[in-house]
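Here is the structure we will look at.
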Amino acid sequence: MTDITRDELFSKMDSQSSKLDARLAEMRADMAVSRREMSEQIGRVAESVAEIRGSVDGIKTSMGMLQWCIGTVGLVGGIWIAYQQLKLAEVPPVASVAAAAPFQMPPIIINMPASVAPAAVAPTPK
């Protein structure tokens, strides 16, 4: 290995330092560009989230309205069925009961099998 002088060492260090400074400046510029792009992307994401939130609110409103409509139809249907049942269960007025003919028992008919004729008995010999 060869010995280097102090001046050579300082000049080498200065050149390395200037290269390092150039790379750092380049990295800072790249980071600034990346930061600006990320800020734009975050802004677009925030806008998308706001649009989605608006859509979700609209869907919630529609679902609430649909629930009210179904509930109202169910209530009206239940009231109608209850009214029909009450109408069927009404006691007829007393005047119409008296005007109706009294219940008569139908006659009882008994069917008997036809009697079997006795077999002809042979005459007895005398």
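Everything quoted here is computed from the prediction, not taken from an experiment.
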Out of curiosity, [X] [atom1] to [Y] [atom2], how far, rounded to the nearest 0.5 Å?
X	Y	atom1	atom2	result
Ile59	Ile52	CD1	CD1	10.5 Å
Ser62	Gln67	OG	CD	11.0 Å
Met31	Arg28	CE	CZ	9.0 Å
Gln41	Ser48	CD	OG	11.5 Å
Ser18	Arg23	OG	CZ	10.5 Å
Leu86	Ile79	CG	CD1	11.5 Å

Val33/Arg36 under side chain to side chain contact (heavy atoms under 4.5 Å, CB included): CA gap, chis, key distance, verdict:
CA-CA 5 Å; Val33 169; Arg36 188 172 36 254; 3.4 Å; yes
So Gln16 and Lys19, do their side chains get closer than 4.5 Å, heavy atoms only?
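Result yes, sub-4.5 Å side-chain heavy-atom pair found.
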Hydrophobic clusters here meaning ILVMFWY residues chained together by side-chain heavy-atom distances under 4.5 Å, can you tell me if Met105 and Ile110 are in one?
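No.
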Measure from the side-chain N and O atoms of Ser17 to the backbone N and O of Met13, and report whether any donor-acceptor pair falls under 3.5 Å.
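Pair absent, no side-chain N/O of Ser17 close to backbone of Met13.
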